[in-house]
Amino acid sequence: MRVIIRYFFRTLRLVLTPFMLLSEKLSTPESVTRSAEEQARADEASKDLALYQFKACPFCIKVRKEIARLGLNIETRDAQHDPEHRAALEAGGGQIKVPCLKIHQEDGSERWLYESDEIKAWLQERFEPA
């Protein structure tokens with residue numbers, strides 16, 4: 001019975017993934033407008049960020065849409081298909097759970113944010129134009 005359930009959900013995931021990705025493309029908002037100077041500052045501040053994610057995870061899609069809305073250039077790392085990124089996520093953050101935002105802080109330490117709502121709130125607090 002477990003095998004049947006496992007294959008059912010794998011098949012469901014395979015069927016729904018293209019629709020989720022298409023939905024993301026169609027519903028991603030336009031990015032905020034900033035002056036070239038402000039955008040350069042945002043790019044500089046976001047260079048120390050990395051988003052560990054799965055491509056079709058709905059919570060990851062939510063965070064990627066917020067990143068697009070804010071016009072940020074944050075590196076995305078596929079923790080589902082890339083063993084190096086998966087291992088780094090587990091070693092640094094302590095668990096394999098996505099989305100996870102890795103933040104290199106100015107003092108050299110790292111901070112790992114795991115919840116999509118917390119990640120969105122942190123990004124808005126830091127990068128939302130006045």
Using a 3.5 Å distance criterion without hydrogens, assess whether the side chain of [X] forms a donor-acceptor pair with backbone atoms of [Y].
| X | Y | result |
| --- | --- | --- |
| Trp112 | Cys100 | no |
| Tyr114 | Gly93 | yes |
| Ser27 | Ser23 | yes |

For [X], side chain to side chain donor-acceptor pair (under 3.5 Å) partners two or more places apart:
| X | answer |
| --- | --- |
| Glu24 | Arg64 |
| Arg126 | none |
| Gln124 | Glu66 |
| Glu90 | none |

What pairs of residues pass the salt bridge (charged side-chain N to carboxylate O under 4.0 Å, His left out) test when at least one of them lies in [range], not counting sequence neighbours?
| range | answer |
| --- | --- |
| residues 77-86 | Glu75-Arg77 |
| residues 91-106 | Lys97-Glu115, Lys102-Glu110 |
| residues 45-55 | Glu44-Lys47 |

Does [X], at its [atom1] atom, have more than 12 non-hydrogen atoms belonging to other residues, nucleotides or ligands within less than 6.0 Å?
| X | atom1 | value |
| --- | --- | --- |
| Phe54 | CZ | yes |
| Glu30 | CD | no |
| Gln95 | CD | yes |
| Glu37 | CD | no |

Point to revise | Residues that Ile4 engages under side-chain contact (heavy atoms from CB on, under 4.5 Å), provided they are two or more places apart | key: none
Review point. Considering residues at least two apart in sequence or located in another chain, which fulfil the side-chain contact (heavy atoms from CB on, under 4.5 Å) criterion with Pro29?
Key: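 Here the qualifying residues are Lys65, Arg69.
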Practice item. Check step by step if side chain to side chain contact (heavy atoms under 4.5 Å, CB included) holds for Ile61 and Gln53. Key: CA-CA 9 Å; Ile61 290 171; Gln53 48 104 33; over 6 Å; no
Please report the closest heavy-atom contact between [X] and [Y], naming both atoms and the distance.
| X | Y | answer |
| --- | --- | --- |
| Pro83 | His81 | CD-O, 3.5 Å |
| Ser116 | Pro99 | CB-CG, 4.0 Å |
| Ala56 | Leu21 | CA-CD2, 4.4 Å |

Review point. Who else is in the cluster with Val63 when I, L, V, M, F, W and Y are joined by side-chain contacts under 4.5 Å?
Key: Leu49, Leu51, Ile67, Leu70, Leu72, Ile74, Leu101, Ile103, Leu113, Ile119, Trp122, Leu123, Phe127
Review point. Who else is in the cluster with Leu26 when I, L, V, M, F, W and Y are joined by side-chain contacts under 4.5 Å?
Key: Leu22
Review point. Going from CD1 on Ile96 to NE2 on His85, what distance comes out if it is rounded to the nearest 0.5 angstrom?
Key: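 Reported value, rounded in 0.5 Å steps: 13.5 Å.
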Review point. Going from CG on Asn73 to CD on Gln39, what distance comes out if it is rounded to the nearest 0.5 angstrom?
Key: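 That separation rounds to 6.5 Å.
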Cut-off 3.5 Å, no hydrogens considered: what does the side-chain donor-acceptor table look like for residues 7-15, sequence neighbours left out?
unit_1, atom_1, unit_2, atom_2, d
Thr11, OG1, Tyr7, O, 2.8

